[in-house]
Enquirer: 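My structure is below; once you've seen it, I'll send some questions.
The basis for the numbers below is simple: all heavy atoms, side chains too, and nothing from hydrogens, waters or symmetry mates. Here is how names work: the chains are called A, B, and so on, in the same order as the sequence lines, proteins then strands, and each is numbered from 1.
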Amino acid sequence: MFRQSLLKTLTVLAILAAAIAYTFTTGYFGKELVIEAATLAILAISLDMIAGYGGMISLCHGAIFGVGAYTYAGLTVLFEVNPFLAFAAAIVVSAAFAFAVGAVTARTHGIFFIMATLAFGQMAYVLVFENKALGGDDGLAGVPRLDVSPLGLDFNNSVQFALFAVAAAALSYAAAAWVLRSGFGRTLVGIRVNEARMKAVGLTVWRTKAIAFAISGALAGLGGAIAAQQTMFVSPELMAWMVSGTVLMVVIFGGIGTLVGPIVGAVVWVFLKHEISSATPYWHIVAGTVLIITIVAGGRGLYGQIEYMVERRRLKRLAAAGVPSTATGREDETHA
Amino acid sequence: MLEARSLNRAFGSLVVTKDVSFALDKGERRVVLGPNGAGKTTLFNILAGELKPSSGAVLMGGRDITALAVAARARLGLARSYQKNNLFGELTVRENLALAVATARGAAGWIMRDTLSDAGIAEDVRDAALAVGLTEMLDVPVDAVSYGVRRQLEVGIALSTRPSVLLMDEPTSGVGPGMIQAFHQLMHTLPRELTVLIIEHDMDLAFDVADRITVLNYGEVVFEGTPDETRGSPMVREIYLGEWDAHA
Ligand SMILES: Nc1ncnc2c1ncn2[C@@H]1O[C@H](COP(=O)(O)OP(=O)(O)OP(=O)(O)O)[C@@H](O)[C@H]1O
Ligand SMILES: [Mg+2]
C-alpha cells in the first residue's frame with residue numbers, strides 16, 4: 001500500500017528545490033532539460049500509478065501523452081481555441097481515451113494485457129500519422145503556450161515556463177499520492193495483489209481499472225500538453241511505442257511502485273542522456289546497460305533500493321520496540 | 001435462501017457435478033461431506049460464480065443468479081472462503097480485512113477519503129478480527145504469519161463482508177485440534193440468520209454444527225439428512241469407511 005513516508009516527502013522536496021535553483025542559474029539549454037525532465041516525470045508518475053500500484057504494465061502511455069499533446073495543439077492551431085480551454089480539453093480527452101483503454105483491456109492479463117495496450121497505442125499513432133488534417137507525419141507547428149499575461153507572467157520566458165513545468169510535475173505527484181492514499185488507491189493495490197479475491201468480495205474490477213487508467217491518463221495528457229508547448233510543435237513521434245517503452249524504462253530505473261522513483265528516474269535519465277549523448281553516439285547502449293544492471297541488482301531501482309533499505313531499518317526498529325513484524329500464531333498447528 | 005437446481009458440470013469426459021440439487025433455508029447450517037475428488041469445491045465454484053455450470057440453475061433468495069458474475073453475487077450477500085488460502089499476500093491482516101469490508105460497504109471507490117481510517121469500516125474490521133481470533137495480529141503482514149493464522153484470515157475475509165449466505169471450503173483443513181475447537185466456537189457465535197454451507201472433513205465438527213448434511217460422491221448427491229440420519233446411514237458409512245470408525 002502507498003504511504004507518504006518521510007523519505008518520500010524529503011526526496012520530492014529536495015528534487016523540487018534543486019530543480020528551482022537549477023532553473024534560475026542555468027542557461028537556455030539547461031532550462032530545456034528541466035522542462036524535459038518535468039514532463040517525463042509527469043508521464044512516469046502517471047505510468048507508475050497503474051503499473052506499480054495497479055499491476056497494469058501499460059505500453060500505450062506514450063500514446064496517451066500524445067493524445068494530450070495533439071488535443072492541445074490541434075485545438076489551438078487548427079481551431080484557435082483559447083489555450084486554457086485547450087489545456088483542460090487535453091486533460092479530459094486523454095483521460096477519456098485512457099478510460100477506454102482501461103475498460104477494454106481490463107479482462108486481459110500478463111503478456112496479453114501488454115500487447116493490447118500496445119495495440120491501442122499503435123492505433124492512435126497510425127490514426128494521427130495518416131490524418132492529413134492533423135498534419136500527418138509532418139505534425140503541427142506554431143503551437144502557442146498558455147497566455148498568462150493577465151497574471152503579469154509570460155510563458156515564452158524560458159525561466160517561467162520551466163518553473164511552470166516543475167510546478168505541474170509537483171502537482172502531479174501530489175495528485176497521484178492523494179489518489180493512492182485513498183480507499184480507491186487501496187482497492188487498486190488489492191487488484192494487483194489478488195484480483196480474483198477482490199472480485200470474490202464484490203468488486204467490479206473492470207470499473208476500478210478503467211477509472212485508474214482515466215486518472216493516470218489525465219496526468220499523462222497534462223504532460224503531453226506541456227510538452228507540446230515546450231517545443232511549440234507536435235508530431236506523431238510523440239506517440240510512437242518507443243516513447244511508451246522509454247517511460248517504462250524510466251519507471252523501472254527509478255523504482256517501480258514507489259511513485260518517487262519515477263521522478264528520480266526521469267531526472268537522472270534526462271541529464272544522463274544529455275551528458276552521454278554529447279560525449280558519444282551510444283546513449284541507447286548506455287541506457288540498456290543501466291536498465292539491465294537495475295534489473296539484475298534486484299529490480300528495485302535507484303530510489304526503490306534506498307527506500308527498501310530505509311523501510312527495512314524502520315521495521316527492525318519497530319520490532320525491537322515490541323511491535324510484532326512476524327508472528328507464529330497459535331502453537332497447535334500441524335502445518336508450517 | 002440458497003438453492004441448486006440440477007447443476008451439471010464436466011471437465012472433458014470427467015463428470016464432476018452431476019444433477020446436483022438442494023435447498024438451504026434461511027439460517028440453515030448445511031455441511032457437505034464427500035471423499036477427495038467428489039466435486040465439493042467444484043460445486044462451490046459453481047455456486048459462487050467462478051465456474052459456469054453446463055446446465056442447471058443457482059438461486060439466491062428465490063432469484064436466479066446463474067448468469068451473474070462472481071462480484072455481482074458477492075454484492076447480493078454471497079461470500080465464500082477457499083480451501084486453498086486466497087489472501088492479499090504482501091498486505092497486513094488489517095488491510096486484508098479492510099479491502100473486503102470497504103468493498104462490501106461500497107467504499108472501494110472512495111477517492112477523497114481513506115477507507116482504513118473510517119469508523120464504520122474499522123468497526124467491521126475489528127468485529128471480523130475478533131470473530132476469527134485475529135485481534136492481536138491486525139498489523140502483521142500476511143507474508144509473515146503462520147499457516148494457521150492465514151487459515152483464520154481466510155474465513156475472516158469472507159465473514160467481514162457481512163454476508164447473508166456464507167460458503168466455507170474446508171476452513172479447518174491442515175490446522176490443529178486447538179484451532180478446530182476455536183472454530184466450533186466461531187460457528188456458534190455466527191448470527192443465527194446467516195445461512196452457512198460448509199465443506200468439512202472433521203466429523204465431530206460436522207455433526208456439531210450441521211442442521212442437515214449433504215453427501216457428495218462422484219459428483220452426485222448420494223445422501224441428504226439430519227446428522228442423526230447421516231450417522232445411521234450404511235451408505236455414508238461405506239463411503240467414509242476408515243474415517244468413520246475413528247469418529248463414530
Ligand atoms: N479446473 C479443472 N479442470 C479439470 N479437472 C478439474 C478441475 N477442477 C477440478 N477438477 C477435477 O474434478 C474433480 C473434483 O474436484 P474438486 O476439487 O471439486 O473435489 P473436492 O471434492 O473438492 O476434493 P477435495 O476433498 O480433495 O478438496 C477432481 O478429480 C479434480 O481433479
Ligand atoms: Mg475441495
Side-chain angles (χ1 to χ4, degrees), chain A residues 1-4 49 53 55 106-107 175-212 214-215 218 257 311 315 318-319 322-336, chain B residues 48-50 69-76 79-80 82 86-92 95-96 98-104 106-116 118 121 133-134 136-137 139-141 144-152 157-158 160-161 174-179 182:
Chain A
M1 296 255 163
F2 179 83
R3 196 172 68 85
Q4 181 63 39
M49 257 188 91
Y53 291 89
R107 280 167 189 281
W178 178 272
V179 169
L180 289 173
R181 275 173 65 172
S182 70
F184 180 84
R186 293 182 185 280
T187 305
L188 191 60
V189 171
I191 291 175
R192 169 169 59 75
V193 179
N194 191 343
E195 179 171 338
R197 194 65 191 254
M198 285 310 295
K199 278 186 183 157
V201 295
L203 186 74
T204 309
V205 165
W206 78 263
R207 198 194 301 147
T208 305
K209 285 184 171 178
I211 293 171
I215 297 170
E311 193 67 10
L315 289 177
L318 283 179
V323 181
S325 69
T326 61
T328 48
R330 302 182 197 223
E331 61 285 350
D332 59 17
E333 292 146 18
T334 53
H335 276 236
Chain B
E50 287 175 34
V70 176
R73 294 185 199 202
R75 285 196 295 275
L76 287 178
R80 83 171 285 192
Y82 293 80
N86 192 4
L87 310 170
F88 300 98
E90 59 198 76
L91 310 183
T92 64
E95 287 166 341
N96 269 259
L99 278 174
V101 171
T103 304
W110 284 1
I111 284 192
M112 299 316 282
R113 267 197 291 163
D114 189 6
T115 37
L116 216 57
D118 179 78
I121 291 171
L134 288 178
E136 305 289 310
M137 294 283 168
D139 290 311
V140 184
V145 302
S146 66
Y147 175 83
V149 171
R150 289 178 206 202
R151 219 57 213 123
Q152 290 166 283
I157 289 177
S160 71
T161 62
V175 303
M179 206 180 275

Enquirer: So which of Thr204(A), Val189(A), Leu188(A) has the largest heavy-atom pair count under 4.5 angstrom toward chain B?
Expert: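 Looking at each option in turn, the highest pair count goes to Thr204(A).
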Enquirer: If I measure from the heavy atoms of chain A, does Ile157(B) come under 4.5 Å with its side chain, its backbone, both, or neither?
Expert: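 Interface part for Ile157(B): both.
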Enquirer: Identify which of Val205(A), Thr208(A), Val193(A) forms the greatest number of heavy-atom pairs closer than 4.5 Å to chain B.
Expert: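 Of the candidates given, the most pairs with chain B belong to Val193(A).
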Enquirer: Using heavy-atom distances under 4.5 Å, tell me whether Ile111(B) contacts chain A through its side chain, its backbone, both, or neither.
Expert: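 Ile111(B) touches chain A through backbone and side-chain heavy atoms alike.
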Enquirer: Would you find more than 12 non-hydrogen atoms of other residues, nucleotides or ligands less than 6.0 Å from Arg207(A) atom CZ?
Expert: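 Counting other residues, nucleotides and ligands, CZ of Arg207(A) stays at 12 neighbours or fewer.
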Enquirer: Side chain, backbone, both or neither: which part of Ile215(A) has an atom under 4.5 Å from a heavy atom of chain B?
Expert: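 When you check distances to chain B, only side chain atoms of Ile215(A) fall under 4.5 Å.
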Enquirer: Go through the atoms of Ala48(B) and report whether side chain, backbone, both or neither lie under 4.5 Å from a heavy atom of chain A.
Expert: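 Looking at Ala48(B), nothing touches chain A.
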Enquirer: Could you report the tightest heavy-atom contact between Val201(A) and Thr103(B), atom names first, then the distance?
Expert: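 Between these two residues, the closest heavy atoms are O-CG2, 3.5 Å.
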Enquirer: Are any side-chain N or O atoms of Arg197(A) and backbone N or O atoms of Leu87(B), one a donor and one an acceptor, separated by less than 3.5 Å?
Expert: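 Not confirmed, Arg197(A) side chain does not pair with Leu87(B) backbone.
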Enquirer: Give me the atom names and distance for the closest heavy-atom approach of Ala200(A) to Ala74(B).
Expert: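 Smallest interatomic distance, heavy atoms only, reads O-CB, 3.3 Å.
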Enquirer: Sort out for me which of Glu50(B), Arg73(B), Met112(B), Arg80(B) touches chain A most, counting heavy-atom pairs under 4.5 Å.
Expert: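 Result: the option with the highest number of such pairs is Met112(B).
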Enquirer: Please round to the nearest 0.5 Å and tell me the distance separating atom CH2 of Trp178(A) and atom CG of Asp114(B).
Expert: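 Result: 10.0 Å between the selected atoms.
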Enquirer: What part of Ala98(B) is in contact with chain A, defined as an atom under 4.5 angstrom from a non-hydrogen atom: side chain, backbone, both or neither?
Expert: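 Contact with chain A: none, neither part.
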Enquirer: Check whether any side-chain heavy atom of Trp110(B) sits under 4.5 Å from a side-chain heavy atom of Arg186(A), and report yes or no.
Expert: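 Not touching, per the 4.5 Å side-chain cut-off.
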Enquirer: Using a 4.5 angstrom heavy-atom cutoff, name the option from Thr161(B), Leu76(B), Leu91(B) with the most pairs to chain A.
Expert: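 Going by pairs under 4.5 Å, I would pick Leu91(B).
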Enquirer: So which residue, Val70(B), Thr92(B), Ile121(B), Leu99(B), ends up with the most heavy-atom pairs under 4.5 Å with chain A?
Expert: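 Option with the top pair count is Leu99(B).
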Enquirer: For the backbone of Ala108(B) and the side chain of Thr187(A), can you confirm whether one donor and one acceptor N or O come within less than 3.5 Å of each other?
Expert: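 Flag set: sc Thr187(A) to bb Ala108(B) pair under 3.5 Å.
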Enquirer: Tell me, yes or no, whether the heavy-atom count around Arg75(B) atom CZ, taken from other residues, nucleotides or ligands under 6.0 Å, exceeds 12.
Expert: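 For Arg75(B), atom CZ is crowded (more than 12 foreign heavy atoms under 6.0 Å).
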